[in-house]
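Just below is one structure, and these are the notes that go with it.
Whatever order the structure lists them in is the order used to number ligands and atoms, beginning at 1.
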Amino acid sequence: MEMVHVLDHPLLQHKLSILRDETTGVKDFREIVCEIATLMCYDATRNLPLQAVEVQTPVAKAVTYQLAGKKLAIVPVLRAGLGMVEGILTLIPSAKVGHIGLFRDPDTLEPVKYYCKMPTDIADRDVIILDPMLATGGSASAAISFVKEYGVKNIKLMNILAAPEGIARVRKDHPDVEIYVAAVDDQLNDHGYIVPGLGDAGDRIFGTK
Ligand SMILES: O=P(O)(O)OC[C@H]1O[C@H](OP(=O)(O)OP(=O)(O)O)[C@H](O)[C@@H]1O
Ligand SMILES: O=c1cc[nH]c(=O)[nH]1
Ligand SMILES: [Mg+2]
């Protein structure tokens, strides 16, 4: 099974180029992060199981298909992952939402956990972890480990932009987790920022810089 999905649909590439532009303001940046999450959700949920149901149309009985089996939860990594939540809930309004608070220590680049709150039935759900940026992969790897501690079996990771180093780290630490990204950039710089990237996603979503 393909474990890394680069979703290079033209609509995604167009919207991503607006995110990258340093002149894009906070309102547009926030809206486009949300739109990209919706578009990515369409692909990341392609393999959800279906069950046959019978409905009466105005014309005849029809055997048709509805979502079956396990329910979904989404888990944004605070802060920047919050920007993707509404975009996913547009398509899956009944998904439950857990939160993991992590920030990356600017000196060590190691993730520091400051918050965690999961739905009580999370172990019975498939989980999509949301974070726009996959840089060193330290935050994503830690977030996946936390979710696994709750007994979740099926986890997907959704990032808008990734560095090759981040993908390699998650593949090594969590080979069972499928990764969905809209683009893979060239490298990280000395401060652990994705190059060319789009800057600090959290600061650009919330206007904190
Ligand atoms: O792959 P990594 O090297 O771990 O870096 C990626 C992490 O860095 C950013 O969060 P940040 O620490 O800036 O926190 P914020 O969302 O609160 O801005 C980003 O949203 C990821 O969570
Ligand atoms: O380029 C990067 C790397 C980590 N976090 C971000 O927001 N941007
Ligand atoms: Mg940040």
Side-chain angles (χ1 to χ4, degrees), residues 3-4 6 15-26 28-37 40 44 74-88 97-118 127-148 155-175 177-209:
M3 297 305 280
V4 182
V6 182
K15 289 176 190 297
L16 182 53
S17 74
I18 301 172
L19 289 190
R20 290 186 190 277
D21 187 336
E22 67 175 0
T23 68
T24 298
V26 64
D28 287 342
F29 193 94
R30 193 183 289 145
E31 284 175 5
I32 292 168
V33 165
C34 185
E35 289 171 6
I36 287 177
M40 294 185 75
I74 55 177
V75 177
V77 177
L78 310 183
R79 292 174 299 165
L82 286 176
M84 300 172 76
V85 169
E86 283 306 316
I88 304 290
V97 185
H99 294 85
I100 296 177
L102 290 177
F103 68 86
R104 199 173 67 156
D105 183 290
D107 297 322
T108 66
L109 300 184
E110 289 301 315
V112 181
K113 183 180 170 190
Y114 59 88
Y115 187 75
C116 190
K117 181 79 178 178
M118 293 294 153
V127 168
I128 305 176
I129 295 176
L130 310 173
D131 193 329
M133 307 303 275
L134 180 62
T136 66
S139 302
S141 181
I144 294 166
S145 296
F146 295 141
V147 170
K148 283 183 174 174
I155 301 172
K156 291 178 175 175
L157 174 67
M158 186 188 292
N159 307 110
I160 294 175
L161 197 51
E165 294 91 331
I167 291 178
R169 169 79 186 268
V170 173
R171 292 293 302 129
K172 175 171 161 289
D173 293 352
H174 302 286
V177 171
E178 280 182 82
I179 304 171
Y180 293 80
V181 298
V184 182
D185 274 8
D186 300 338
Q187 61 198 42
L188 297 175
N189 67 16
D190 292 344
H191 305 288
Y193 275 81
I194 299 174
V195 181
L198 52 75
D200 188 302
D203 283 337
R204 296 195 65 189
I205 289 169
F206 295 107
T208 41
K209 231 176 210 168

**OP:** For R79, take its heavy atoms, then give the atoms of ligand 1 lying under 4.0 Å from any of them.
**Re:** 15 (P), 16 (O), 17 (O), 18 (O)
Original post:
Listing by chain and number, which residues have a heavy atom under 4.0 Å from ligand 2?
Top reply: R104, M133, A135, G192, Y193, I194, G199, D200, A201
Original post:
Does any N/O atom on A140 come nearer than 3.5 Å to any N/O atom on ligand 1?
Top reply: no
**OP:** First locate atom CD of E35, then atom NZ of K15, and finally report the distance between them rounded to the nearest 0.5 Å.
**Re:** 3.5 Å
Original post:
Is there side-chain contact between T136 and R104, with at least one heavy-atom pair below 4.5 Å?
Top reply: yes
**OP:** Calculate, to the nearest 0.5 Å, the distance between atoms CG and CG belonging to L16 and D21 respectively.
**Re:** 11.5 Å
Subject >> Top protein contact for atom 20 (O) of ligand 1, by heavy-atom distance >> reply: D131 OD1, 2.8 Å
Subject >> Residue and atom name of the nearest protein heavy atom (relative to atom 13 (O) of ligand 1), distance in Å to one decimal >> reply: D200 OD2, 3.5 Å
**OP:** Could you list the atoms of ligand 1 found under 4.0 angstrom from a heavy atom of T136?
**Re:** 1 (O), 2 (P), 3 (O), 4 (O)
Original post:
CD1 of I129 to CD1 of I179: how many Å apart, nearest 0.5 Å?
Top reply: 11.0 Å
**OP:** Could you grab the distance from atom CD of E165 to atom CG of L134, nearest 0.5 Å is fine?
**Re:** 9.5 Å
Subject >> Atom indices of ligand 1, in the order listed, that fall short of 4.0 Å to a heavy atom of M133 >> reply: 6 (C), 19 (C), 21 (C)
Subject >> G83, G166, G137: member with heavy atom nearest to atom 1 (O) of ligand 1 >> reply: G137
Original post:
Tell me: protein heavy atom nearest atom 4 (O) of ligand 1, and distance?
Top reply: S139 OG, 2.6 Å
**OP:** Could you please spell out the steps behind the side-chain contact (heavy atoms from CB on, under 4.5 Å) verdict for D185 and R20?
**Re:** CA-CA 11 Å; D185 274 8; R20 290 186 190 277; 2.8 Å; yes
**OP:** Rounded to the nearest 0.5 Å, what's the gap from CG on D200 to NE2 on H191? Could you check?
**Re:** 13.0 Å
Original post:
So I205 and L82, side-chain contact (heavy atoms from CB on, under 4.5 Å) or not? Walk me through it.
Top reply: CA-CA 9 Å; I205 289 169; L82 286 176; over 6 Å; no
**OP:** Mark up the atoms of ligand 1 that fall under 4.0 Å of a heavy atom belonging to A80, in ascending order.
**Re:** 16 (O), 20 (O)
Subject >> Element-labelled atoms of ligand 1 that are located less than 4.0 Å from some non-hydrogen atom of G202 >> reply: 18 (O)
Subject >> Protein non-hydrogen atom found under 4.0 Å from atom 10 (O) of ligand 1 >> reply: no
Subject >> Closer than 2.8 Å to the Mg ion (ligand 3) - protein N, O or S atoms, ordered by chain and residue number >> reply: D200 OD1, D200 OD2
Original post:
Minimum heavy-atom separation for A135 to A163, with atom names?
Top reply: O-CB, 3.7 Å
Original post:
About how many Å separate NZ of K117 and CG of L78, when rounded to the nearest 0.5 Å?
Top reply: 13.5 Å
Original post:
Got M84 and D131 here, is their nearest side-chain heavy-atom distance under 4.5 Å?
Top reply: no
Original post:
How far is atom 12 (O) of ligand 1 from its nearest protein heavy atom, and which residue and atom is that?
Top reply: R104 N, 2.7 Å
**OP:** Starting from atom 14 (O) of ligand 1, locate the nearest protein heavy atom and write down its residue, its atom name and how far away it is, to 0.1 Å.
**Re:** L102 O, 4.0 Å
Original post:
Has P132 got any heavy atom lying under 4.0 angstrom from an atom of ligand 1?
Top reply: no
Original post:
Quick one: does F146's side chain get under 4.5 Å of V75's, heavy atoms only?
Top reply: no
**OP:** Test I128 against Y180 for side-chain contact (heavy atoms from CB on, under 4.5 Å), laying out the working first.
**Re:** CA-CA 10 Å; I128 305 176; Y180 293 80; over 6 Å; no
Original post:
Strictly by modelled atom types, are R79 and T208 linked by a side-chain donor-acceptor pair under 3.5 Å?
Top reply: yes
Subject >> Pairwise side-chain contact, T24 with R204, heavy-atom cut-off 4.5 Å (strictly under) >> reply: yes
Original post:
For V33 and L19, what are the C-alpha separation, side-chain angles and deciding distance, and is it a side-chain contact (heavy atoms from CB on, under 4.5 Å)?
Top reply: CA-CA 8 Å; V33 165; L19 289 190; 4.0 Å; yes
